[in-house]
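In what follows, every chain begins at residue 1, and chains take the letters A, B, ... in the order their sequences are listed.
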Amino acid sequence: MPELPEVETTRRGLAPHLEGRRIESVVIRNRALRWPIRRGLAEILSGQCIGVLSRRAKYLLIHCERGTLIVHLGMSGSLRIVTGETPIQKHDHFDLQVEGGAVMRLTDPRRFGAVLWSTDEPAQHKLLANLGPEPLSDQFDGETLYRATRGRKAAIKIAIMDAGIVVGVGNIYANEALFHARISPRVAAGKLSRERCARLARAIKDTLSAAISAGGSSLRDFVRADGSQGHFQHQTWVYNRAGEPCRICGARIRGLRQGQRASCYCPTCQR
DNA sequence: CGCCAGGCCTGCACGC
DNA sequence: TGCGTGCAGGCCTGGC
């Protein structure tokens, strides 16, 4: 599932193929994504020149001359660069072809993703306007995490997955970061000390950065239309390992559900 | 066959 | 009454 590192890796993989190119054609095969792709989008995009590709939280922003294409990969989405001859597969919903022949193809079996068009400043878009700080930016650190969690009774795992506190921390990395910070996912967010907030903010940054670095090494495969390179399937410390031994102390990793999501932690290493 | 996974928006219920 | 907060539902398909 695409988390922030996957979206960032995707952005970096797409950028050299799209930035500065003119859009030649757009094909929409299935507009029924999380929100329907608006009618007429193909006509709107055709002929526009693409500027830079950026990212906000897990939203990929493709800046164009007259607006911004906002793409979210949901749970099962992926974007690849292919050619016009690459066979269409079952869940290939959206193609954007630029001059020179490169095609950005959106594949999304579960259709939780989205392709939206915004003519305003994208930061003002309804979906982006109320987002918290980027985890890898200076706007997010131990102090901001400490302040944002004061008075919050919710578990810290829930809090770091709250986009109002920090964006882009999905279930896998929330579990992994808490393990690295040696903090139990069940601790009330408002009870974390400054020191523990600093450790957690640092762990979130390190975990996401490491995943992006790992993704970078598979960029070559990404561009090669193979696409299925899942660097994020790398071995985890706790995620999806309930019942298995902790890689540090050997204790059994525990599993529980928080906010209808699976949490995993080491009862010895994490307090 | 039924259930589950997951991101994340939306709407509802609650307490101050 | 209004706000912040917490919680559950819904969207989907593939895989077990």
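Rounded to a whole Å, the CG atom of A:L33 is 11 Å from the P atom of C:dT13. A:I158 places its CD1 atom 12 Å from the C1' atom of C:dT5, with the value rounded to the nearest Å.
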Contacts under 3.5 Å, N or O only, protein and nucleotides 14-16 of chain C:
from	atom 1	to	atom 2	distance (Å)
C:dG14	OP1	A:H91	NE2	2.8

Would you list the protein and nucleotides 1-4 of chain B atom pairs, both N or O, that sit under 3.5 Å from each other?
none

* Asked: Going 5' to 3' along nucleotides 7-16 of chain B, which nucleotides have protein heavy atoms under 4.0 Å from the base (write B), which only from the sugar-phosphate (write S), and which from neither (write -)?
  -> BBBS------
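Partners of A:R21 under the salt bridge (Lys or Arg N to Asp or Glu O under 4.0 Å) rule, at least two apart in sequence or in another chain, do not exist in this structure. Residues satisfying the salt bridge (Lys or Arg N to Asp or Glu O under 4.0 Å) test with A:E3, not counting sequence neighbours, are none. With sequence neighbours excluded, no residue satisfies side-chain hydrogen bond (donor to acceptor under 3.5 Å, both in side chains) with A:R34. Contacts of A:R247 classified as side chain to side chain contact (heavy atoms under 4.5 Å, CB included), with partners at least two apart in sequence or in another chain: A:Q235, A:W237, A:R241.
One hydrophobic cluster, built from ILVMFWY side chains closer than 4.5 Å, holds both A:I28 and A:I62.
Here the straight-line distance linking atom CD1 of A:I156 with atom SG of A:C197 works out to 6.0 Å at 0.5 Å rounding.
In summary, A:D95 and A:R29 engage in a salt bridge, as defined by a charged side-chain N under 4.0 Å from a carboxylate O. Here A:R199 does not pair with A:E195 in a salt bridge; the nearest charged N to carboxylate O distance is not below 4.0 Å.
Positionally, the nearest nucleotide of DNA chain C for A:D162 lies more toward the 5' end than for the other of A:D162 and A:R111.
Taking a 4.5 Å side-chain heavy-atom cut-off between Ile, Leu, Val, Met, Phe, Trp and Tyr, the cluster of A:V27 contains only that residue.
Identified under the salt bridge (Lys or Arg N to Asp or Glu O under 4.0 Å) test for residues 160-176 of chain A, with sequence neighbours left out: A:R152-A:D162. Screening residues 112-133 of chain A for side-chain hydrogen bond (donor to acceptor under 3.5 Å, both in side chains), with sequence neighbours left out, gives no hits. The side-chain hydrogen bond (donor to acceptor under 3.5 Å, both in side chains) contacts involving residues 262-271 of chain A comprise A:K157-A:S263, A:R186-A:Y265, A:Q258-A:S263, where partners must be two or more places apart or lie in separate chains.
Annotation: proximity of residues 142-153 of chain A to DNA chain C (heavy atom, distance under 4.0 Å) is found for A:R152, A:K153, numbered in ascending order.
Judged by distance alone, the side chain of A:S46 and the main-chain N or O of A:E43 form no donor-acceptor pair under 3.5 Å.
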